[in-house]
S.K.: 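Just dropping this structure here.
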Amino acid sequence: MGFELRESSGLGKTGVALAALAAFTMALLSFLFHPVEITPLQYGICLPSPDSWDFAPLWSWIVNTLLIGLIALLLFLVNKSYNFVRTTEPVLVALFLLMATSGPAYTEGINASVILCLANVVALGVIFDSYDSRNATREMFTLGILIGIGMMVQYAFFPMAFLFILWALFMKVLRIRETLAYIVGILCPYWIALGTGWLSFSEFHFPSLSPLFTEGQDPSEFFIMLIGIGLATVMGFLMALVNSIKLYAGNSKVNAMNLCVTTLGATAILCILFDFDNMHAYVTTLYLAATVQVANVCALWNPREPWLVTAIPGVCYIALFVCSLLL
């Protein structure tokens, strides 16, 4: 059983333009009227987290906004290259932009959540390119380098190191040679940093994990943030179940690629639960995975009004943003 590429209907370029405008407006309003103080408590293995990098506020906001746009563009390009969501509906770009800019904590300036999400969308493109390859050492080494550098500045990359191994299994490239290339890739940045004297062993440290509800936060912001996470979790979980009915009976490569995205979302949820103090780092990645599930509903089930599938959650996240400004 195969899937046809469904043509765009209902959303189109106008919808994407409106979503991009709304996302930019939310990011700008967050910067101007809802400053968020980020306490630089979370670090990587040996370097400060992106949340504590010393950038001028305006430049930090500009770079972060561009990075969110870059993630949306890369998500579109990866899907255009590999068709893991078999539709020309621009749901991926439109909904992701709205969800990613709905929380001031993710748009105020350069932050770990956006950096981690950018790394994950790059990793998806790399691993998709290796499907059933006889030699995927280059791809696995690249993923190792990505994880190694990422863990230097934010330990939220650490669980992704195990996830990428699972992706290699899905892509049918998990062999001894590829595993060794992956491990070497992870160690390579540390070997270079230590060998050149840029870092010393005394600068390495391991953070402690904090489970759910252990730290007091502003009640209104905390509640709005949890609603956004809960909505993405429920929406992604239910739609993943619905989509699996057709995906598992269809093209094996498309199924494997979507398994990668589904496990990415599941990993983000688990990390939020067990690493609550650092939960912000995983939220944008969760939103990306949920967006893919919504887009798959349009691709696989061909709803009569596909634009509503995007508009309803999009309006919900805009409403959450408005609440965050008013409360």
Side-chain angles (χ1 to χ4, degrees), residues 3 5-28 30 62-103 106-107 113-126 128 228 231-232 235-236 239-240 243 254 257-258 260-262 264-265 268 283-303 305-321:
F3 302 117
L5 185 65
R6 302 193 183 280
E7 295 299 323
S8 176
S9 59
L11 191 61
K13 295 180 180 179
T14 302
V16 174
L18 290 174
L21 178 61
F24 177 78
T25 301
M26 288 192 291
L28 182 60
S30 293
I62 291 174
V63 171
N64 188 72
T65 303
L66 291 175
L67 289 179
I68 292 174
L70 178 60
I71 294 170
L73 175 61
L74 289 176
L75 187 59
F76 170 77
L77 293 176
V78 170
N79 188 54
K80 185 177 180 180
S81 298
Y82 303 104
N83 289 327
F84 65 98
V85 178
R86 298 204 161 187
T87 177
T88 57
E89 281 284 350
V91 175
L92 284 170
V93 174
L95 185 56
F96 173 76
L97 286 173
L98 293 176
M99 294 176 71
T101 55
S102 63
Y106 323 125
T107 58
S113 189
V114 171
I115 297 294
L116 180 64
C117 186
L118 176 61
N120 281 323
V121 76
V122 170
L124 286 173
V126 172
F128 289 173
L231 179 59
M235 178 174 64
M239 291 189 176
N243 292 332
V254 174
M257 291 187 291
N258 278 280
C260 291
V261 178
T262 301
L264 177 63
V283 174
T284 308
T285 295
L286 171 62
Y287 288 168
L288 182 146
T291 298
V292 172
Q293 300 300 338
V294 175
N296 262 325
V297 168
C298 295
L300 301 173
W301 297 97
N302 194 25
E305 299 292 345
W307 66 272
L308 280 176
V309 179
T310 307
I312 292 174
V315 169
C316 290
Y317 278 92
I318 291 175
L320 288 177
F321 168 78

S.K.: Taking all atoms of both residues into account, what is the closest heavy-atom pair of Arg86 and Asn83, and its distance?
M.R.: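 Heavy atoms of Arg86 and Asn83 come nearest at CG-O, 3.1 Å.
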S.K.: How far apart are the C-alpha atoms of Asn120 and Leu124, what are their side-chain angles, what is the distance that settles it, and do they pass the side chain to side chain contact (heavy atoms under 4.5 Å, CB included) test?
M.R.: CA-CA 6 Å; Asn120 281 323; Leu124 286 173; 5.7 Å; no
S.K.: Closest approach of Val93 and Phe76, non-hydrogen atoms and distance?
M.R.: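 Reported closest heavy-atom pair: CG2-CB, 3.7 Å.
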S.K.: What pair of heavy atoms forms the shortest contact from Ala232 to Met99, and how long is it?
M.R.: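 Answer, listing the atom of Ala232 first, then Met99: CB-CE, 4.0 Å.
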S.K.: Would you indicate whether the side-chain heavy atoms of Met257 and Val85 approach each other to under 4.5 Å?
M.R.: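 No, too far: nothing below the 4.5 Å cut-off.
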S.K.: Taking atom OH of Tyr82 as the centre, does the number of heavy atoms from other residues, nucleotides or ligands within less than 6.0 Å exceed 12?
M.R.: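 Buried by this count: over 12 neighbours within 6.0 Å.
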S.K.: Would you mind reporting whether Phe84 and Val292 have side-chain heavy atoms less than 4.5 Å apart?
M.R.: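 Yes, their side chains come closer than 4.5 Å.
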S.K.: State, yes or no, whether a side-chain contact exists between Leu308 and Pro303 at a heavy-atom distance under 4.5 Å.
M.R.: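 No - every pair of side-chain heavy atoms lies 4.5 Å or more apart.
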S.K.: Apply the side chain to side chain contact (heavy atoms under 4.5 Å, CB included) test between Leu98 and each candidate in Thr310, Ile318, Thr291; give the one that qualifies.
M.R.: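 The residue from Thr310, Ile318, Thr291 that satisfies side chain to side chain contact (heavy atoms under 4.5 Å, CB included) with Leu98 turns out to be Ile318.
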S.K.: Identify the two heavy atoms, one from Met235 and one from Ala290, that lie closest to each other, and give their separation to 0.1 Å.
M.R.: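 That closest heavy-atom pairing would be CE-CB, 4.1 Å.
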S.K.: Does the side chain of Asn243 pick up a donor-acceptor pair with the side chain of Asn258 at under 3.5 Å?
M.R.: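 Judged by distance alone, the side chains do not pair up.
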S.K.: Report yes if some heavy atom in the side chain of Cys117 is under 4.5 Å from a heavy atom in the side chain of Phe96; otherwise report no.
M.R.: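 Counting from C-beta outward, Cys117 and Phe96 do come under 4.5 Å.
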S.K.: Compare all side-chain heavy atoms of Phe321 with those of Ser30 and state whether any distance is below 4.5 angstrom.
M.R.: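 When only atoms from C-beta onward are counted, Ser30 and Phe321 do touch, with a gap below 4.5 Å.
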S.K.: So which atom in Ala100 and which in Ile68 form the shortest heavy-atom distance, rounded to 0.1 Å?
M.R.: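 Heavy atoms only, the tightest pair is CB-CG2, 4.1 Å.
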S.K.: Find out whether Leu95 and Val309 are in side-chain contact, i.e. whether some heavy atom of one side chain is under 4.5 Å from a heavy atom of the other.
M.R.: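 Not in contact.
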S.K.: On a heavy-atom basis, which atom in Val114 and which in Ile71 lie closest, and how many Å separate them?
M.R.: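 Closest pair (atom of Val114, atom of Ile71, distance): O-CD1, 3.6 Å.
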S.K.: Does any part of the side chain of Leu75, heavy atoms only, come nearer than 4.5 Å to the side chain of Asn79, both counted from C-beta?
M.R.: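 Heavy-atom side-chain distance check fails, nothing below 4.5 Å.
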